[in-house]
Amino acid sequence: MDLGAKKLLAAEREGQRIAVEIKSFVGKSPVRDWENAIGQYSLYLKILSKRESDRALYLAITEEIYTSFFQEDIVQVVLEDRTIKLIVIDPIQEVIIRWIN
């Protein structure tokens, strides 16, 4: 699956088709990284709805970013409408910590 993104992965989870956008949040500003992530997520979600409407889109972030920056109001206000699905990962152990729908 290629939507022009280098880090968009197609997979399955318990029989559900998913796409995963991986974001590292390594820029100088986590707020700016968040703005970019929201924009990319919205774009990919729109494209998926036309090309592969049965595939759910998830944004993958590290546990470190989730426990620090993702608890801030600027993130929570966007997440409260539940339109962005998250996968929280441990990149060192290469495991998924949690799925947030």
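Every side chain to side chain donor-acceptor pair (under 3.5 Å) that Asp54 has, sequence neighbours left out, goes to Arg17. Residues that satisfy the side chain to side chain donor-acceptor pair (under 3.5 Å) test with Glu35, not counting sequence neighbours, are Arg32. Under the rule for a side chain to side chain contact (heavy atoms under 4.5 Å, CB included), the partners of Glu80 that lie at least two apart in sequence or sit in another chain are Val77. Judged as a side chain to side chain donor-acceptor pair (under 3.5 Å), and not counting sequence neighbours, the contacts of Thr83 are Asp81. Partners of Gln40 by side chain to side chain donor-acceptor pair (under 3.5 Å), not counting sequence neighbours, listed by chain and number: Lys23. When the ring-ring contact (aromatic ring centres under 6.0 Å, His included) test is applied to Phe70, the partners found at least two apart in sequence or on another chain are Phe25, Trp34.
None of Leu57, Leu45, Leu59, Val75 except one satisfies the side chain to side chain contact (heavy atoms under 4.5 Å, CB included) rule with Ile84; the exception is Leu59.
The closest side-chain heavy-atom distance from Val88 to Ile100 is below 4.5 Å. Ile87 places none of its side-chain heavy atoms less than 4.5 Å from the side chain of Tyr66.
Closest approach of Asn101 to Lys85, counting heavy atoms only: OD1-CD, 4.0 Å. Closest approach of Gly27 and Asp33 over heavy atoms only: N-OD2, 2.9 Å. Minimum interatomic distance between Thr62 and Pro91 (heavy atoms only, all atoms of both residues): CG2-CG, 3.9 Å.
Under the 3.5 Å distance criterion, the side-chain polar atoms of Thr67 are matched with a main-chain donor or acceptor of Glu64.
Counting only residues at least two apart or on different chains, no salt bridge (Lys or Arg N to Asp or Glu O under 4.0 Å) pair has a member in residues 88-101.
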